[in-house]
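Here's the structure we're looking at; comments come further down.
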Amino acid sequence: MLADIDYFYAQVEERDNPLLKGKPVIVCVFSGRTEDSGVVATANYEARKYGVKSGMPIALAKKKLLKADAKFIPMRHDYYKTVSEKVMAVLRDKADAFEQVGIDEAYLDVSLKINGFDDAERLAGMIKEEVMSKERLTLSIGIGPNKVIAKMASDLSKPNGIKAIRPEDVVNVIHPLPVDRLPGVGKKTYDRMVEAGIATVGDLAHFDRAKLVNLFGISLGNYFHNAANGVDDDLVHEKGEQESISRIVTLKEDTNELEGVMESIRPLCEEVADKASKRGLLFRSIGIIAITKDLGIRTRSKSLHVATNDKVILTKVVDELFSKYLEESKVKLRRAGVLVSNFEKKGTGQDVLTRYF
DNA sequence: CTCTGCCTTAC
DNA sequence: CCAGGTAGGCAGAG
């Protein structure tokens with residue numbers, strides 16, 4: 001199963017404020033640069049009727065909703081996180097294997113506790129009821145013989161639905177769909193596929209596997225071929241440790257000056273170092289993220305010889321990386337960020353003083 | 001094989 | 001008109 005909380009952030013806001021019911025609700029990330037700068041995180045279905053979508057500039061969403069009584073609400077990420085944890089606890093409890101994906105989705109392997117797809121549909125209904133009674137939230141649940149099919153089934157069931165795709169129906173259900181409904185096919189890949197004459201999932205299924213590998217690489221090429229044929233042997237497994245920690249901000253104004261950037265960046269170095277320390281992690285790679293005024297993304301990074309979590313070292317390396325970057329680049333920066341990765345668990349890595357004893 | 005930089009997806 | 005955080009793959013250079 002793939003269980004997905006419907007229009008999550010906006011649904012939580014509706015739940016907590018009945019006055020919002022029936023109105024377009026848009027949960028926004030305001031960047032603080034101007035009154036309306038920022039993007040839409042989630043919109044409820046009322047707002048979607050007007051063409052409002054996740055990732056859209058808030059200013060554009062407001063334009064589309066000029067004549068509607070729409071509510072624009074600032075995102076409360078920490079709160080949604082705690083709500084998510086409660087829902088996930090219910091879901092995890094129902095599965096033999098569990099894999100959370102993002103804040104509002106999870107795969108549940110329930111093969112061992114059900115007997116056939118009818119039974120799985122009953123279980124999905126019980127899960128939805130339990131989440132409704134405990135958290136007052138609706139879910140959509142897709143059921144299939146593997147993860148890709150379960151995911152596609154959940155998309156077809158939204159909102160507040162249950163849909164099972166049985167093995168014997170897989171091909172008939174997915175082959176007519178446009179190829180970008182296959183998970184992993186985004187805008188860029190879709191354009192390339194259309195260029196190659198692939199418009200539907202069925203087209204993709206019948207496309208030569210070797211050619212797909214040529215076009216998209218060995219890993220993606222084989223994934224596309226198998227998935228389009230309803231085949232996916234990816235296991236449902238609990239995610240491992242986090243592999244990177246990053247923070248990024250929008251600058252007050254576009255700039256090309258080191259001090260202007262570092263002013264905004266230094267607090268982020270602190271936060272990142274603190275977060276690593278809190279988790280008992282030492283990082284060996286330090287990176288910067290630069291987003292130019294035309295929204296292009298540049299990154300620079302550097303690996304250290306010895307892992308650290310020292311914010312002074314972090315800040316100094318970040319300063320050097322930005323200094324070097326700003327010398328090379330001409331375009332002004334709109335946003336800037338810090339990333340650390342290549343973690344070692346504190347205490348298990350090499351200890352310079354004691355290692356040789 | 002490692003490091004680096006970039007691309008792409010997705011929530 | 002434009003956030004923020006994380007993952008994973010690929011390619012080129014060393």
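To find a chain, count down the sequence lines: A is the first, B the second, and so on, and within it residues start at 1.
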Atom pairs under 3.5 Å: protein N/O with N/O of nucleotides 9-14 of chain C:
{"residue": "C:dC10", "atom": "OP1", "partner": "A:S219", "partner atom": "N", "Å": "3.2"}

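Residue contacts for A:T42: at a heavy-atom cut-off of 4.0 Å it reaches no nucleic acid atom on any strand shown. Within the nucleic acid shown, A:K187 comes within 4.0 Å of sugar-phosphate atoms alone, with no base atom in reach, counting heavy atoms only. Here A:V40 lies out of heavy-atom contact (under 4.0 Å) with every strand.
Within the structure, every pair that satisfies the ring pair (Phe, Tyr, Trp, His ring centres under 6.0 Å) test and touches residues 160-198 of chain A, not counting sequence neighbours, is listed here: A:H175-A:H206.
For an aromatic pair to be called close, the ring centres must be under 6.0 Å apart, and A:Y9 with A:Y80 satisfies this.
Straight-line distance between the P atoms of C:dT6 and B:dT8: roughly 22 Å, to the nearest whole Å.
If you check residues 292-301 of chain A against DNA chain B, the residues with a heavy atom closer than 4.0 Å are A:R298, A:T299, A:R300, A:S301, listed by number. Of the residues in residues 74-106 of chain A, those placing a heavy atom less than 4.0 Å from an atom of DNA chain B are A:D104, A:E105, in numerical order. Shown for residues 189-204 of chain A: no residue has heavy atoms falling under 4.0 angstrom of DNA chain C.
Checking A:L60 against A:K275, the closest nucleotide of DNA chain C that is more toward the 5' end is the one next to A:L60.
Mapping heavy-atom proximity under 4.0 Å, the span of DNA chain B touched by chain A runs 5' to 3' from B:dC3 to B:dC11.
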